[in-house]
Amino acid sequence: MPLLVIHGTSDPIFPIAHGEALVRAVSGSTLQRVEGGAHELHREDWPQIVSAIVSHTGNRQ
């Protein structure tokens, strides 16, 4: 099953390197970076996140 990793680039709890490592470990996975994003999701990031999810799920036909 393809994996989409959505990760903030400024996450103080799990740095972006964790998301990058996960993508390297799971074959066929994709990383969507939320520039400046921290550990939680913010409303202003929703359009980017939703778009990434829609694009990702649309590729599984």
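Starting from 1, each residue takes its place in the sequence as its number.
- Of the candidates Thr30, Ile49, Leu31, Leu4 forms a side-chain contact (heavy atoms from CB on, under 4.5 Å) with just one, namely Thr30.
- In terms of heavy-atom proximity, Gly36 sits nearest to Ser10 at CA-OG, 3.6 Å.
- A distance-only check finds no donor-acceptor pair linking the side chain of Glu35 to the backbone of Gly8 [under 3.5 Å].
- In this structure, Ile6 is not a member of the same hydrophobic cluster as Phe14, with clusters built from ILVMFWY side-chain heavy atoms closer than 4.5 Å.
- Of the inter-residue distances, the one linking Gln32 atom CD with Ser51 atom OG reads 7.5 Å to the nearest 0.5 angstrom.
- No side-chain donor from either of Glu20 and His18 sits under 3.5 Å from a side-chain acceptor of the other.
- Residue Pro12 comes nearest to Ala38 through the heavy atom pair CD-CB, 4.2 Å, listed as atom of the first residue, atom of the second, then distance.
- Separation of atoms CD1 (Ile13) and NE2 (His39) is listed at 4.0 Å; rounding is to 0.5 Å.
- His7 places no side-chain N or O within donor-acceptor distance of the main-chain N or O of Ala17, the cut-off being under 3.5 Å.
- Ser29 and Leu22 get closest at one heavy-atom pair: OG-O, 4.2 Å.
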